[in-house]
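Chain A is the first sequence line, chain B the second, and so forth, proteins listed ahead of strands; every chain is numbered from 1. The figures here come from the full heavy-atom set of this structure, side chains too, leaving out hydrogens, waters and symmetry mates.
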Amino acid sequence: MECRVLSIQSHVVRGYVGNKSASFPLQVLGFEVDSINSVQFSNHTGYSHWKGQVLTADELHVLYEGIKLNNVHHYDYVLTGYTRDTSFLEMVVDIVQELKRANPNLVYVCDPVLGDHGSMYVPQNLYPVYKNKVVPVADIITPNQFEAELLTGKTISTEKDAVEVMDLLHAMGPDTVVITSSDLPPRLGDRFLVSLGSQRHVRPDGSRTTQRVRIEVPKVDAVFVGTGDLFAAMLLAWTHHYPNDLKTACEKTFSVMHHVIQRTISYAHDLAGPGRRPSPPQLELRMVQSKADIEDPAIVTEATVIS
Amino acid sequence: VGHPGTCRVLSIQSHVVRGYVGNKSALFPLQVLGFEVDSINSVQFSNHTGYAHWKGQVLTAEELNVLYEGIKLNKVNHYDYILTGYSRDTSFLEMVVDIIQELKKANPSLVYVCDPVMGDHGAMYVPEILLPVYRDKVVPLADILTPNQFEAELLTGRKINTQEDPLSALQVMDLLHKMGPETVVLTSTDLLSKHGDKFLVALGSQKLTKPDGTNSNQKICMDIPKVDAVFVGTGDLFAAMLLAWTHLHPKDLKTACEKTVSVMHHVIHRTITYANDVAGPGKRPSPAQLELRMVQSKADIENPSVVVEAKVL
């Protein structure tokens, strides 16, 4: 497999978020990963302290220029996640557009990180950039419910609402949409949460078909950081291997997440000791220890095809 | 293969967007072997400097200190290993030394693996003022050192007589031991191999303290097939893999070196085959085509079949 990904995300010295979360699992699955680090911080911002430096839009451009001057700006995938800076995000859009001209088959996997649980945790002025510039060039997006509602202006109270929101997102650009988490009532009980996916295909005869899936995922009683980045990276990998089978791609992706998270929470509780809540350092994803699960995830979550 | 448990490495090296040098060369193989790797990127460049073009940004000594401060404030400045390589800046290198000294106070068992990158084939390719910093400050802190012949000669002020079998090379390694590191691997020399001129000679020396308190010294010699291509990042991969294999075989330099050199062989072989295929018959591969086939070599990294034997001297 000769597949090259350009991932533009944060770098942390310690821990697993951004490029640290995405690179290893993609490399373990055989992808060539070029990575532009949008920031370099000591650790993620959930710790008591964090320190480091950010890359400006200009510096991003300079790095891309280096790649271009060597005529190696040919990618099969671009992957982006958490950003706080509109000019940086706009430079990313310019780069993606140019890379798509160089390779019209390029697939842009975009996690439109804006917020969660009803509030934004990035500057508000990113919202129009995502809506008007980023999502239109994305091929696969992984919003949570809040982000999906924000981007479409429509709230989700039922599964039917979610399907309509995903159709609205398709109309904005991406052929593949996965709502990574929602407040919809799970059938398996309140220890689960509902995720949904939708993938649009064009049949050989030119007609359109949409495969929609529903996945119920066990909730975990802990705050993880970097899981969204791992999710987007693994969705990239599994949609690559199952390009017309969103059901299987989602089962594999959600299953990997489950294994990594279970291993992490067990370890974190061991470290913290009985009755203690684990700290952010203790809750860092057990990424290298999960290599076998990343390579070949045992399916533990089934996706149901919905109409 | 034994699992390193929760062994944490701090690697302070370059980052390139594309390709495998510095941290890009060290991280994946160490992670694949189960090591937790924290990485500070000393620079971020588009690619290594052997391409026609390269662009990017460097980290200052002050910025390095800020990152370290973040780690320290969170009380997670505890490492089992430190790994460093190519550096061009004396103030940066001196900040690295300060950080290592502090980390060694936090964990006296910490092992510092140092590739004292200064030059090769008789010429320096870093600023000359780095030599006294390496000689007087860095090497005395190092526990494992991976100089080539030229760097070993620079550090000790002693030339290795390549006609004199390994004797003068062994003497230079003893001088390096006296400067600090208990483990020294001369990654390449101009010594004549008994297998002929298609091989180069590497040497290793490890000083150990036996349980009864006496010292012992294992010295080994390896004849390594030469490859007709210029690779970049192989030294960084070597140092990272020597870290891993000396960790897994702590008192057995012979085995550690056999595994390390064998991994190098598999990766290089896969790379040159691919590069020649991509370049086409009769064409010399480009730097882009010669990037190490790192992710494709995962199985060899995890469990290298030994293809080069080390001789105990």
> Salt bridge check: are A/E32 and B/K24 linked by an N-O gap of less than 4.0 Å?
Replying inline: no
Is it the side chain or the backbone of [X] that comes within 4.5 Å of chain B heavy atoms, both, or neither?
X	value
A/Y64	neither
A/L29	neither
A/E295	side chain
A/L6	side chain

Say whether, by atom type as modelled, one donor and one acceptor occur between the side chain of [X] and the main chain of [Y] under 3.5 angstrom.
X	Y	result
B/Q57	A/E59	yes
A/K291	B/G34	no
B/E69	A/K51	no

If every non-hydrogen atom of [X] is compared with every non-hydrogen atom of [Y], which pair is closest and at what distance?
X	Y	result
A/H49	B/L73	CD2-O, 3.4 Å
B/L59	A/Q40	CD1-NE2, 3.8 Å
B/S46	A/G66	OG-CA, 3.6 Å

> Taking side chain as C-beta onward, heavy atoms only, is B/N47 less than 4.5 Å from A/V72?
Replying inline: no
> Within a strict 4.5 Å, meaning less than it, do heavy atoms of the B/W54 and A/L69 side chains meet?
Replying inline: no
> Who wins among B/M294, B/R18, B/Q296, B/H15 for the most heavy-atom pairs under 4.5 Å with chain A?
Replying inline: B/R18
>> Please classify the contact of B/F45 with chain A as side chain, backbone, both or neither, using a heavy-atom distance under 4.5 Å.
In response: backbone
> Is it the side chain or the backbone of B/A52 that comes within 4.5 Å of chain A heavy atoms, both, or neither?
Replying inline: both
> Taking everything shown except B/K137 itself, do over 12 heavy atoms lie less than 6.0 Å from its NZ?
Replying inline: no
> What do you reckon, is NE2 of B/H269 surrounded by more than 12 foreign heavy atoms closer than 6.0 Å?
Replying inline: no
> What residue in A/N37, A/V62, A/I67 has the most heavy-atom pairs under 4.5 Å with chain B?
Replying inline: A/N37
> How far does NZ of B/K75 sit from OG of A/S279, to the nearest 0.5 angstrom?
Replying inline: 12.0 Å
